[in-house]
Amino acid sequence: MSKDISTELMSVCKRRGYIWPSFELYGGVAGMFDYGPLGTSMRNNILEAWRNIYKVREGFIEIDSETINPEDVFKASGHVEQFSDYMVNCTECQLPFRADHLVGNFCENPDTMSPAELEKAFRDFNIKCPECGGELGKIEDFNLMFKTTIGPGSSRIGYLRPETAQGIFVNFQNLYRYNREKLPLGVIQTGRGYRNEISPRQGMIRMREFNMMEVELFVNPEDKSWPRFSEVQNGELTLLPNDTDKTVTMTVAEAVDKGVIANPVLAYFVYTTKQLLERVGIDTEKLRFRQHLKDEMAHYAADCWDAEVLLSYGWTEITGIADRGCWDLSRHSEFSGADLSHFEMFDEPKEMTFKKVVANHKKLGPAFKEKAKDIASALESETEDNIFDNKITLNINGERIVLTDEYFEVREVTEKVNGKRVIPHVIEPSYGLDRIFYSVLEHSYFNDEKRGYSIMKLVPGIAPIKVGIFPLMDKDGLDVLAKKIFADVHSSETPAYYDDSGTIGKRYARMDEVGTPWCVTVDYDSLKGPNKGTVTIRERDTGDQKRIPADDVAGVIRQLINGKEFSTL
RNA sequence: GCGAUUGUAGUCCAGCGGUUAGGAUUGGGGCUUCCCAAGCCUCCGACCCGGGUUCGAUUCCCGGCAAUCGCACCA
């Protein structure tokens, strides 16, 4: 496939109302696109297909959180550190470098230095380009998050979220309680994310403001099975594991058994992703799952697979499916101080016998007065190991207090333990909606030499318009019947398009170009003769026509959308 | 961010230091029993933005913005 395809396709998309580059009136802004009427419909259809799988089939719960987040969230998530680098370009060879890395051998804590300090260090230590020895240019702040302030003044820093995931993590306690404190807990969210890309390229593939469909599945770290795994175990996957450079085809069960994919739940959602992409019209011949390379994987990720599709731009990531371990919840727990763990009940309570330090309140009270309460609670968290010479040394609000054994006793107790606390692990299938949208268009786009124009072979479920309805001529009562059918179809909640302009061929062509799967035409036979009361229905991809009763159009279209074969009409 | 190429109706392309800026196609209206972009008539629609040179710039020069490609970055 040549580069021209994307140019041609974007031209059709712009002309027909799928996609418009944003702000063209004012010269345009790179990496930003608006969805036109047809694009908006199709995008909603893809989103609905995704919801049908995750919300309906899997029973996950959906939320909608803020796009502007306070700085704390991204400090915890690591984005503040990870997305903010000082960069410097060599003035000779133009290669960019992390400024803090260059001064690493000369300065303490280079990552805390300001741009001015870094530039001073370049001069002081005579640091040159490590590649060619050229002079280094001026330092630039390289922040991929859009920064803003919340409220008046500039004290409260906020960022536009670079992913929707954090909105789920910061709501973990609410979600966990909503789910009645049970795992697995599947949560989904769609919405926009923002990254101030340095150099957006490849049209809709790298956007500065983009739409995501994210799933965060919280599971017990010790149980990465999945109840419906058996339903997909024989499904085939095209995989590109990170220890080889060629793709292998194997079943889901094989991938897990051979340890290619780390665990069943991850494998299940890799296959789910294939199901979704196929359903919305991705050509599975041009789909593969590539495992992240060891050094490419985030340090916390246990395993990560990207769904990649072959586009005119080359293999392009459109979905990432990662086992993020306990990283996200641990970080938010650490930064917020909140308990984000799950209480895992044992199958049967365990009797555990251990030695416990018990405070003697009767003695403590009179001896320590108002300090007694703090001392007692500190005592009870002590263990036998800290008793030396029958004494325990405590640190109460900075004061060192030594207690003899008249103030406590060590008792052997037997307690029933019902379970333990664990930090859930996160399985994250994260879908780039705009990339999927574009990929569907590219995989559906065919330049039909015979017809002399392009066809968009969208799957019916995704097509923004399901049926075009035309009177052969805009007179003689043909228009009356056509308008009635149009109203019928709309009454059955099926998007249709009425067209009475120009010649019939032109109207078919228009519908083919935007991907409408069927067209219905009212002709003179519809009004009189043996075919009275029937109309023609035409299939987009073949051009084949059948006659069906005019009254049945709405019903037939619904059947066709639901998968009935056109040839059986 | 660097380099190369480019920027004219919705789309594709032509052109020029002084033009009513040209064509094709799309789009609107009309005619035609009109089933695969048929034909005829008719109408609407553009020189990316800002400076400079010049009597005069859509055209030449500089800068910006945007696009395509390569490098880098990002995932």
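Remember, predicted model here, so these are calculated numbers, not experimental data. Residue numbers start from 1 in every chain, and the chains themselves are labelled A, B, ... in the order their sequence lines are given, proteins ahead of strands.
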- Evaluate whether the aromatic ring of A:Tyr524 and the six-membered ring of the B:U33 base sit under 5.5 Å apart, centre to centre, with an inclination under 30°.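 Stacked: centres under 5.5 Å apart, planes under 30°.
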
- Message: Applying side chain to side chain donor-acceptor pair (under 3.5 Å) to A:Ser330 and A:Asp328, what does each step give before you reach the verdict?
- Response: CA-CA 5 Å; A:Ser330 300; A:Asp328 301 284; over 6 Å; no

Rounding to the closest angstrom, what is the interatomic distance between [N] and [M] at atom [atom1]?
N     : M     : atom1 : value
B:U58 : B:C12 : P     : 23 Å
B:C34 : B:G39 : P     : 15 Å
B:A37 : B:G1  : P     : 48 Å
B:C36 : B:C41 : C1'   : 24 Å
B:A46 : B:C16 : C1'   : 16 Å
B:A72 : B:G18 : P     : 45 Å
B:A9  : B:C48 : P     : 7 Å
B:C61 : B:G17 : P     : 13 Å

Heavy atoms under 4.0 Å, any strand shown: does [X] hit a base, just sugar-phosphate, or nothing?
X        : answer
A:Arg540 : nothing
A:Gly28  : sugar-phosphate
A:Lys450 : nothing
A:Gly320 : nothing

- Within the structure, does a side-chain N or O atom of A:Lys506 lie under 4.0 Å from either OP1 or OP2 of B:C35?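 Negative; the distance criterion is not met.
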
- Any side-chain N or O of A:Thr503 less than 4.0 Å from the OP1 or OP2 oxygen of B:A38?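 Yes, within the criterion.
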
From the list [options], which nucleotide is the closest neighbour of the side chain of [X]?
X        : options             : answer
A:Val29  : B:A66, B:A75, B:C36 : B:A66
A:Lys475 : B:A75, B:U33, B:A37 : B:U33
A:Ala30  : B:A37, B:U33, B:A67 : B:A67
A:Arg195 : B:A67, B:A75, B:A37 : B:A75
A:Tyr508 : B:C74, B:C36, B:C69 : B:C36

Report the distance from atom [atom1] of [X] to atom [atom2] of [N], rounded to the nearest whole Å.
X        : N     : atom1 : atom2 : value
A:Arg206 : B:G1  : CZ    : P     : 16 Å
A:Ile469 : B:C35 : CD1   : C1'   : 16 Å
A:Arg451 : B:A38 : CZ    : C1'   : 17 Å
A:Asp499 : B:A37 : CG    : P     : 15 Å
A:Asp512 : B:C36 : CG    : C1'   : 8 Å
A:Phe470 : B:C35 : CZ    : P     : 14 Å
A:Asp474 : B:U33 : CG    : P     : 13 Å
A:Asn196 : B:C73 : CG    : C1'   : 13 Å

- Drop me the distance from A:Phe60's CZ to A:Tyr54's OH, to the nearest 0.5 angstrom.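 OH of A:Tyr54 is found 7.0 Å from CZ of A:Phe60.
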
Strictly by Watson-Crick or wobble contacts shorter than 3.5 Å, is anything paired with [N], and which nucleotide is it?
N     : answer
B:A57 : none
B:A46 : none
B:C36 : none
B:A4  : B:U68
B:U20 : none
B:A9  : none

- Query: Does the side chain of A:Glu214 pick up a donor-acceptor pair with the side chain of A:Thr190 at under 3.5 Å?
  - Reply: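 Checked: A:Glu214/A:Thr190 side chains show no N/O donor-acceptor pair below 3.5 Å.
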
- Message: Can you list everything that forms a salt bridge (Lys or Arg N to Asp or Glu O under 4.0 Å) with A:Asp523? Sequence neighbours excluded, please.
- Response: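 Salt bridge (Lys or Arg N to Asp or Glu O under 4.0 Å) list for A:Asp523, sorted by chain: A:Arg547.
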
- Message: Just to verify, what does A:Asp306 make a salt bridge (Lys or Arg N to Asp or Glu O under 4.0 Å) with, not counting sequence neighbours?
- Response: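 Expected list: A:Arg290.
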
- Query: Would A:Asp479 and A:Lys475 pass as an ion pair if we require N to O under 4.0 Å?
  - Reply: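 A salt bridge is absent here (no side-chain N lies under 4.0 Å from a carboxylate O).
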
- Item | Ring center gap for A:Phe470 and A:Tyr508 short of 6.0 angstrom |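 Yes, ring centres under 6.0 Å apart.
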
- Query: Taking all atoms of both residues into account, what is the closest heavy-atom pair of A:Arg279 and A:Val459, and its distance?
  - Reply: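 Scanning both residues, the minimum pair turns out to be O-CG2, 3.5 Å.
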
- Item | Audit row: A:Phe437, A:Tyr35, ring-ring contact (aromatic ring centres under 6.0 Å, His included) steps and yes/no | CA-CA 11 Å; A:Phe437 174 93; A:Tyr35 283 84; 4.9 Å; yes

- Is any N or O donor-acceptor pair between the side chain of A:Arg538 and the base of B:C36 shorter than 3.5 Å?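 For A:Arg538, whose side chain was compared with the base of B:C36, there is a donor-acceptor pair (under 3.5 Å).
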
- Task: Classify the side chain of A:Gln545 versus the base of B:C35 as yes if they form a donor-acceptor pair under 3.5 Å and no if they do not.
- Result: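 Present.
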
- Query: A:Ser501 or A:Arg547: which one's nearest nucleotide on RNA chain B is closer to the 5' end?
  - Reply: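 First, find each residue's nearest nucleotide; the 5'-ward one identifies A:Ser501.
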
- Examine distances only and state if a side-chain atom of A:His443 and a backbone atom of A:Leu310 form a donor-acceptor pair shorter than 3.5 Å.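 Looks like yes, one N/O pair under 3.5 Å.
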
Would you list the protein and nucleotides 9-13 of chain B atom pairs, both N or O, that sit under 3.5 Å from each other?
from	atom 1	to	atom 2	distance (Å)
B:U11	OP1	A:Lys14	NZ	2.6
B:U11	O3'	A:Ser11	OG	3.3
B:U11	O2'	A:Ser11	OG	3.3

